[in-house]
Amino acid sequence: WGSPCGSSTDGVCPRGAPRRQHIAAGARRAWSPGRGVSCTRMAWRMRHEQSVRGSWAHLAISVAVAVPTARAIYLPGFSPMEYQEGETVDLKVNKLTSVKTQLPYPYYSLPYCKPEKVQDSVENLGETLTGDLIENSPYQIKMLVNETCKELCKVKLDETMKDKFRSMIEDEYLVNWMVDNLPAATRYRSPSGEITYMDGFVVGMIQSGHVYVQNHVTLHIQYHQNPEKYEGYRIVGFEVEPRTTSGTDAEANCAVDSAPFDLDAFSEIVYTYNVKWTESPVRWASRWDAYLKMTGGEIHWFAILNSLLILLFLSGMVAMILLRTLHRDITQYNEVATEEEAREETGWKLVHGDVFRRPHHSTLLAVSVGSGMQLLGMSVVTLAFALLGFLSPAHRGGLLQCMMLLFTFMGFFAGYTCARFYRIFEGEDWKTATMMVAFLYPGIMFGVFFVLNLFIWGAKSSGAVPFTTMFALLVLWFGISVPLAFLGSYFGVRKGVELPVKTTQFPRSIPTQQWFVGPTFSCLVGGILPFGAVFTELSFIMSSLWQHQFYYLFGFLALVLCILLVTCAEISIALTYFQLTSEDYRWWWRAFFASASSGVYVFLYSIMYFNSRLRIESFVSSSLYFGYMFLISLIFSLLTGSIGTIAAFLFVRGIYGSIKVD
């Protein structure tokens, strides 16, 4: 009656548990960002009593002082904790999570043993937004002190408590613990012989109509020591082996032949635990390898190779068709034409007087491109920090907090880009455009987020963002992002814009177009290639979001982002050129949607993912999923559309600047 995810070789993990992360048994650890970097001529060692999360000042001071004298520098600003023998080691509890409902709940919402005073840990903005609720626990763990059959407490169960347990077990909720900032992992051996880890452990299980609760755990804690470099011991691993047992006291609860704890058959539950310490050769800087090492490396490389082939094909088409044809067209247009040849002239030169004509809803286009550049700036800088190791999952909430702050500060580029395009469109009220870029899309995102948060709050989930945090987000928005948007617009408006050709007073007529060059068909076809470039990586990211897996393959993600940017630029350039050759000068919005339509495919893929990979049933959980996927699709559309529009504009300005116009 051990846990299905225990250490037994024939264990079967519970239905609906997150997709596992496979670690080859005995695999040697390789260097990765965030590990220790040994320095020569070392004089003293660094020791910190507590971890410092996201502190740039601490990192700068540590590097400046440690370069000439330190024993080791641990990136990124997170120092190891050394424990002495017999010293107390805190076990902290986090939220209860479920892939089935996507709604986290506080650990003590179930009738578990509580300490005398429940204390919340200080959380950053990212942890609050993700619903983390880290609290202390009554477990007494001391360094290198093994414990056997230690009773934690006894809890009387009434029908309300049983109903809570039953509901949580039916929804396949997982318990999440932490020791020294390491999340608890449950291990079992797969049929192929690989050791498989699952984050956390199940609250209980249902078998043959009976509900069983896990009430006994064995805590396997690994430590590492190196007396030559530091004093004490460092924790490098934390595994939990849960078990359900129905003993009436600690000794009976730990008996091997004890019957499982049937929730309907007992009115009192006894919680017990064992503690086992094991020395490990794993260094402290390598302890996250078991969590971060993911399968699918070959899949990532195959996907990137596939994307590169698409990119090479697209680049070849642009080079062979556009550049060669353009060279011929420009040479022909610049020759002195006879009167008869001038009357028979066709092609993109004929629309030179209309090619920069102001499009319909030009302010909205300028706002969309500006917001897209804001998102692009946030993405590039976030990836740069991630590649340097500053956004390791060891820093809970660090990635989301970094994205929020960078999005706020990138408001400057949103205002600047919007103002530049507003000048191209010869707009007269740049302040209104700036107000729109500062409030339109951020307002849509905040509005959807606020409504979804009301749903989560109504479900009494710990994932509901407090109104104090909401107020903090509004301060970031109104106090930093909006002023920066106006500052960027001020600099963008002051700078003049030179166009190679002048726009005529009256627009020329547009010939009848074939159906396959219409805006709807061409844009939908154009969006397939950018989506295909990110399809595989998108599946891994969605597994991280909705199946609670760690994602740390930022190197692959950076390559995919580069491929995506080039693909968006080339597809918009190609479709814009074909449109101009058919004497249709209304290219502005089509250049935007040629790449932005890929967001439609992202949302369609999310629908397929919902039906095939998730088993969400409740209205609140479904609303949460589709609400956030709508925001992700909108963000993807704005980012890709802005790249396509800017690339097409530079292309059009370049080709019309190279011909002679009477």
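Residues S280 and V236 come closest through the heavy atom pair CB-CG2, 3.8 Å. Across every non-hydrogen atom of V155 and C153, the tightest pair is CG2-SG, 3.8 Å. Between L103 and A459, the shortest heavy-atom contact is CD1-CB, 4.0 Å. Residues V93 and S137 come closest through the heavy atom pair CG1-CB, 3.9 Å. Nearest approach of S246 to P260, heavy atoms of both residues: CB-O, 3.6 Å. Of all the heavy atoms in C149 and N274, the pair that sits closest is N-OD1, 2.6 Å.
Going from atom OG of S623 over to atom CD of Q102 covers 13.0 Å, rounded to the nearest 0.5 Å. Taken to the nearest 0.5 Å, the CH2 atom of W177 stands 12.5 Å off from the CG atom of N94. Here the straight-line distance linking atom CZ of F603 with atom CG of L631 works out to 10.0 Å at 0.5 Å rounding. Note: E147 CD to K142 NZ = 9.0 Å, rounded to the nearest 0.5 Å. The distance from atom CZ of F165 to atom OG1 of T160, rounded to the nearest 0.5 Å, is 13.0 Å. Atoms CG and OG1, from L152 and T272 in turn, are 8.5 Å apart once rounded to the nearest 0.5 Å.
Around the CD atom of E135, the shell of radius 6.0 Å holds more than 12 heavy atoms that belong to other residues, nucleotides or ligands. In the displayed structure, E279 atom CD is contacted under 6.0 Å by more than 12 heavy atoms of other residues, nucleotides or ligands. Heavy atoms of other residues, nucleotides or ligands lying less than 6.0 angstrom from NZ of K460 number 12 at most. Around atom NZ of K92, no more than 12 heavy atoms belonging to other residues, nucleotides or ligands sit under 6.0 Å away. Within 6.0 Å of NZ on K162 lie more than 12 heavy atoms contributed by other residues, nucleotides or ligands.
Between R243 and S258 there is a side-chain heavy-atom pair separated by less than 4.5 Å. N181 places none of its side-chain heavy atoms less than 4.5 Å from the side chain of F238. With contacts defined as side-chain heavy-atom distances shorter than 4.5 Å, the pair T248/V270 does not qualify. Side-chain contact between K100 and E617 is present, with heavy atoms from C-beta onward closer than 4.5 Å. M542 has its side chain within reach of S606: a pair of non-hydrogen atoms, C-beta onward, lies under 4.5 Å apart. Residues I235 and W277 form a side-chain contact, since some pair of their non-hydrogen atoms from C-beta on lies under 4.5 Å apart.
Looking at R396 and N124, their side chains never bring a donor and an acceptor atom within 3.5 Å of each other. For the residue pair N253 and H216, no side-chain donor N or O sits within less than 3.5 Å of a side-chain acceptor on the partner. Residues Y173 and S167 have side chains that never bring a donor and an acceptor to within less than 3.5 angstrom of each other.
In summary, the aromatic rings of F626 and F610 are positioned with their centroids under 6.0 Å apart. Between Y605 and Y601, the ring center distance fails the sub-6.0 Å criterion.
The aromatic rings of F449 and F446 sit tilted, their planes meeting at an angle between 30° and 60°. Between W546 and Y628, the ring planes lie tilted relative to each other; the angle falls in the 30° to 60° range. Using the six-membered ring where Trp is involved, H224 and Y230 have ring planes that are tilted, between 30° and 60° apart.
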*L219 and V240: side chain to side chain contact (heavy atoms under 4.5 Å, CB included), yes or no, with the steps?*
CA-CA 5 Å; L219 308 177; V240 177; 4.0 Å; yes

*Applying side chain to side chain contact (heavy atoms under 4.5 Å, CB included), run through L263 and L157 and close with a yes or a no.*
CA-CA 9 Å; L263 186 64; L157 298 177; 4.0 Å; yes

*Show the numbers, then the answer: is there a side chain to side chain contact (heavy atoms under 4.5 Å, CB included) between N136 and D90?*
CA-CA 8 Å; N136 60 332; D90 293 329; over 6 Å; no

*Please test K156 against M161 for side chain to side chain contact (heavy atoms under 4.5 Å, CB included), starting from the C-alpha separation and ending with a verdict.*
CA-CA 9 Å; K156 295 286 186 179; M161 294 179 179; over 6 Å; no

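Under 4.0 Å is where a charged nitrogen must lie from a carboxylate oxygen, and between R234 and D180 no such pair does.
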